[in-house]
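First the structure, in the form of structure tokens, and then the observations on it.
This structure is a prediction, so every number in the text was calculated from the model and none was measured.
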Amino acid sequence: MIVGHISNPVLPGFHPDPSIVRVGAEYFLATSTFEWFPGVPVHRSTDLVHWERAGHILDRPELLDLRGVADSAGVWAPSLSHHEGLFWLVYSIVRTIGHPYKDVDNYLITAPSIDGPWSEPVFLNSSGFDPSFFHDEDGRSWLLNIQWDPRDGRPSFAGILLQEYDADKRALIGQPRTILTHEELIEGPNVYRRDGWYYLMLAEGGTGWNHGILMARSRELTGPYELDPDGSLLTTRDAPEWPLQKAGHGELVETPEGEWYLAHLASRPVPTPDGPRCILGRETCLQRVTWTDDGWLRLAGGGRRPSPEVPAPTGVEPGPVAPPVARDDFDSLSLGGSWSTLRVPATPDWLTLRERPGHLRLRGRQSTHSRFDQSLVARRLTSVRCEVTTVVDFHPAHFSQLAGLICWYDTSTHFYLRLSHVEGRGRVLGVVLADDGAYGELPDSELATDAWPLVYLRARFDGAELRFSASPDGTVWQTVGPVLDASKLSDDYGDRLRFTGAFVGICAQDLGGTRTPADFDWFETRELDGGQ
């Protein structure tokens, strides 16, 4: 990294829908988590160059009930703000994502510090997703979100709603007003006030290859709003060769010196025979922006394409940052902040670091297709050139007992290098595929491991290729199964709505309900030379 520059993405891997706020000398970034628990990771920085994980905001079950939510539902587009000495977080929990309905509830929580304690959630409305708060100079607070319309023959994205919030009553007051409609799909509204104008920042064109950011402005908060005559502030829809694709959905932050930056999402595609696919999901980037003499926002470098590298704020010495933890030896008594679980929190009845010191013990529960009680814990994939390795002590006695290393997109699509039991053969290692809903075991991948005291498992990503291997001692490795198409672990594969990114982790199943344990000694991710 070049000193004095911001290298994008600043948050690699699955970190979509960034929300940014500055409080004093510190900046905070929050991102979406969908069906993963805990929800809404926060990163902090003093220079916009180095970012450190500051925990998760939605880390208690009473803040986040995700059991049964669909894949790519759950927590959408949280938005952070700071007002009257409190951090405010507004977020959506989406439970239905098919057409025509979006069953969604919007909530607000507050805290005196980014570290909490966070209040009990206040229910706001269910009219649509992508909520944000605008705190005006007169002290009044206003909620914005999109209006979702499920009726036939009507635009589903039916406009941007504005409604006042009364903090004393802990409720919205007055009637919601539609302040802008547009023939293009618009969402992700955020309002900023500057030089007598109210600026409305919008995500446009959907969150795929047509994505972008559009600005509008008005002298009155309630409108009418005029659109930027130059069109999109940020987009790569006309530049398929650009390294940062799908750029859009952003928020603004001003430095103490009066410089402006835009936090936005983007993706880094990998070429495949079926076209580009973004295995790492939507990642968080920063762009330097400036205001023109006639009061419109522009990228500081010109044009409308996101830059992989932008100038850092002037007069700021880049601060120190701890390197990412590549290996977890499971020596702690609590799960590290880089780990996530599916839909439900990690509780001692199925995940423990205490029963066998130095090991993470998973007790098998439901199948990898379940949206309720999986024993799965995983990390975001942050490079498409890396090796992920773990070692497990697991002795299944029945075909219903499984454990191993999993490369995960969602319940419909994942690659699983797993141990199980086969009658007459004992413990067998093999590969299981879930391919956009189709399920299959690869019979030619089975490897007898009864004589192995421990089983070392490895997944190697090389662009769009994924290879599994195994070892009895961590030294001599044997390939397991064929080369797999890692690009299927992306939003761009299949016909379903998919909004997350690839994870790699460990899991265990016990379909007979006896909760057979699998003990993992360590888990390591090693980036390869030339890694993205």
Which residues share a side chain to side chain contact (heavy atoms under 4.5 Å, CB included) with Leu86, sequence neighbours left out | Trp88, Thr110, Pro112
Backbone of Glu309 reached by a side-chain donor or acceptor of Ser7 within 3.5 Å | no
NZ/NE/NH1/NH2 to OD/OE distance under 4.0 Å, Asp373 and Arg343 = no
NZ/NE/NH1/NH2 to OD/OE distance under 4.0 Å, Asp436 and Lys488 | no
Are side-chain N/O atoms of Thr411 and His369 paired as donor and acceptor at under 3.5 Å?
-> no
Compare all side-chain heavy atoms of Leu286 with those of Asn8 and state whether any distance is below 4.5 angstrom.
-> yes
When you look at Glu254 and Arg22, which way does the salt bridge (Lys or Arg N to Asp or Glu O under 4.0 Å) test go after all the steps?
-> CA-CA 8 Å; Glu254 186 180 10; Arg22 178 178 63 84; 5.7 Å; no
Taking atom types as modelled, is there a side-chain donor on Tyr199 or Asn190 under 3.5 Å from an acceptor on the other?
-> no
Main-chain N/O of His135 paired with Arg193 side-chain donor or acceptor, under 3.5 Å | no
No-hydrogen, no-angle side-chain donor-acceptor test under 3.5 Å, Ser19 and Glu251 = yes
Hey, are the side chains of Ile179 and Leu200 touching, using non-hydrogen atoms and a 4.5 Å cut-off?
-> yes
Ser490 side chain to Asp492 main-chain N or O, any donor-acceptor pair under 3.5 Å?
-> yes
Test Arg304 against Leu234 for side-chain contact (heavy atoms from CB on, under 4.5 Å), laying out the working first.
-> CA-CA 5 Å; Arg304 61 188 65 191; Leu234 177 79; 5.6 Å; no
Return yes if some donor-acceptor pair links the side-chain N/O of Gln245 with the main-chain N/O of Trp242 below 3.5 Å, else return no.
-> yes
Distance in Å, Glu164 CD paired with Asp136 CG, rounded so as to fall on 0.5 Å steps | 10.0 Å
Which atom pair, heavy atoms only, marks the closest approach of Thr181 to Ile186?
-> C-CD1, 4.4 Å
Under 3.5 Å, is there a donor-acceptor pair linking the side chains of Arg498 and Thr413?
-> yes
Hey, does the side chain of Arg219 reach the backbone of Gly196 with a donor-acceptor pair shorter than 3.5 angstrom?
-> yes
Side-chain donor-acceptor pair present, Tyr409, Asp71, cut-off under 3.5 Å | no
Any chance you could measure Leu262, atom CG, to Leu297, atom CG, to the nearest 0.5 Å?
-> 7.5 Å
Is it true that Asp17 and Arg282 make a salt bridge, defined as a side-chain N closer than 4.0 Å to a carboxylate O?
-> yes
Can you check side-chain contact (heavy atoms from CB on, under 4.5 Å) on Val104 and Arg95, steps first, answer last?
-> CA-CA 6 Å; Val104 53; Arg95 303 196 179 277; over 6 Å; no
Indicate yes or no: does Arg305 engage Glu241 in a salt bridge with an N to O separation below 4.0 Å.
-> yes
Main-chain N/O of Thr368 paired to Gln374 side chain as donor or acceptor, under 3.5 Å = yes
Kindly indicate whether the side chain of Val94, heavy atoms from C-beta on, has any atom under 4.5 Å from the side chain of Asp103.
-> no
Would you mind telling me which of Tyr439, Tyr416, Phe415 makes a side-chain contact (heavy atoms from CB on, under 4.5 Å) with Leu433?
-> Phe415
Do His43 and Tyr27 make the cut of ring centroids closer than 6.0 angstrom?
-> no
To the nearest 0.5 Å, tell me how far Asn145 CG sits from Ser127 OG.
-> 4.0 Å
Side-chain donor-acceptor contact under 3.5 Å, Thr272 with Asp274 | no
Value for CD1 (Ile20) from CG (Leu48), rounded to nearest 0.5 Å, stands at 5.5 Å
Are any of the side-chain heavy atoms of Phe37 and Leu64 separated by less than 4.5 Å?
-> yes
Is there a donor-acceptor contact under 3.5 Å linking the side chains of Thr314 and Glu259?
-> yes
Geometric cation-pi criterion Arg379 and Trp339, 6.0 Å radius, 45° cone | yes
Worked verdict on Cys278 versus Asp491 for side-chain contact (heavy atoms from CB on, under 4.5 Å) | CA-CA 7 Å; Cys278 304; Asp491 296 351; over 6 Å; no
Does a donor on one side chain and an acceptor on the other come within less than 3.5 Å for Glu204 and His211?
-> no
Taking the six-membered ring of Trp51 (Phe, Tyr or Trp), confirm whether the NZ or CZ of Arg44 is under 6.0 Å from its centre and within 45° of its axis.
-> no
Determine whether the side chains of Asn106 and Ser92 contain a donor N or O and an acceptor N or O closer than 3.5 Å.
-> yes
Test side-chain contact (heavy atoms from CB on, under 4.5 Å) applied to Leu227 and Leu214, step by step | CA-CA 8 Å; Leu227 296 175; Leu214 182 66; 3.9 Å; yes
Are Pro276 and Pro271 close enough that some pair of their side-chain heavy atoms sits under 4.5 Å apart?
-> no
Proximity of Trp76 and Tyr91 rings by center, below 6.0 Å | no
Does the side chain of Ile146 reach to within under 4.5 Å of the side chain of Leu161, using non-hydrogen atoms?
-> no
Taking side chain as C-beta onward, heavy atoms only, is Ser32 less than 4.5 Å from Val75?
-> no
Flag, side chain of Glu35 to backbone of Ser72, donor-acceptor distance under 3.5 Å = yes
Hey, what do you get for CG (Leu497) to NZ (Lys102), rounding to the nearest 0.5 Å?
-> 6.0 Å
Shortest non-hydrogen contact between Arg268 and Pro12, atoms and distance = NH2-CB, 3.9 Å
Would you call Asp65 and Arg60 a salt bridge, taking side-chain N to carboxylate O under 4.0 Å as the test?
-> no
Residues Arg385 and Glu527 bridged, charged N to O under 4.0 Å | no
Is it the case that Ser487 and Arg277 place a side-chain donor and acceptor less than 3.5 Å from each other?
-> yes
Are Thr207 and His249 close enough that a side-chain donor and a side-chain acceptor fall under 3.5 Å?
-> no
Is there a side-chain contact between Pro38 and Leu58 (heavy atoms, below 4.5 Å)?
-> no
When the ring centroid of Tyr198 is compared with that of Trp142, is the distance short of 6.0 Å?
-> no
Within the 6.0 Å centroid threshold, strictly below: His82 and Phe87 | yes
So, the side chain of Glu52 versus the backbone of Ser45: is there a donor-acceptor pair under 3.5 Å, distance only?
-> no
Between the CZ atom in Arg217 and the CZ atom in Arg194, the distance rounded to the nearest 0.5 Å is 10.5 Å
Given the side-chain rings of Trp291 and Trp260, with only the six-membered ring counted for Trp, is the space between their centroids under 6.0 Å?
-> yes
Check whether any side-chain N or O of Asp47 sits under 3.5 Å from a backbone N or O of His50 as a donor-acceptor pair, and report yes or no.
-> yes
Determine yes or no for a side-chain-to-main-chain donor-acceptor pair under 3.5 angstrom, with Thr284 supplying the side chain and Val10 the backbone.
-> no
Taking the six-membered ring for Trp, is the centroid-to-centroid distance between Trp36 and Phe503 below 6.0 Å?
-> yes
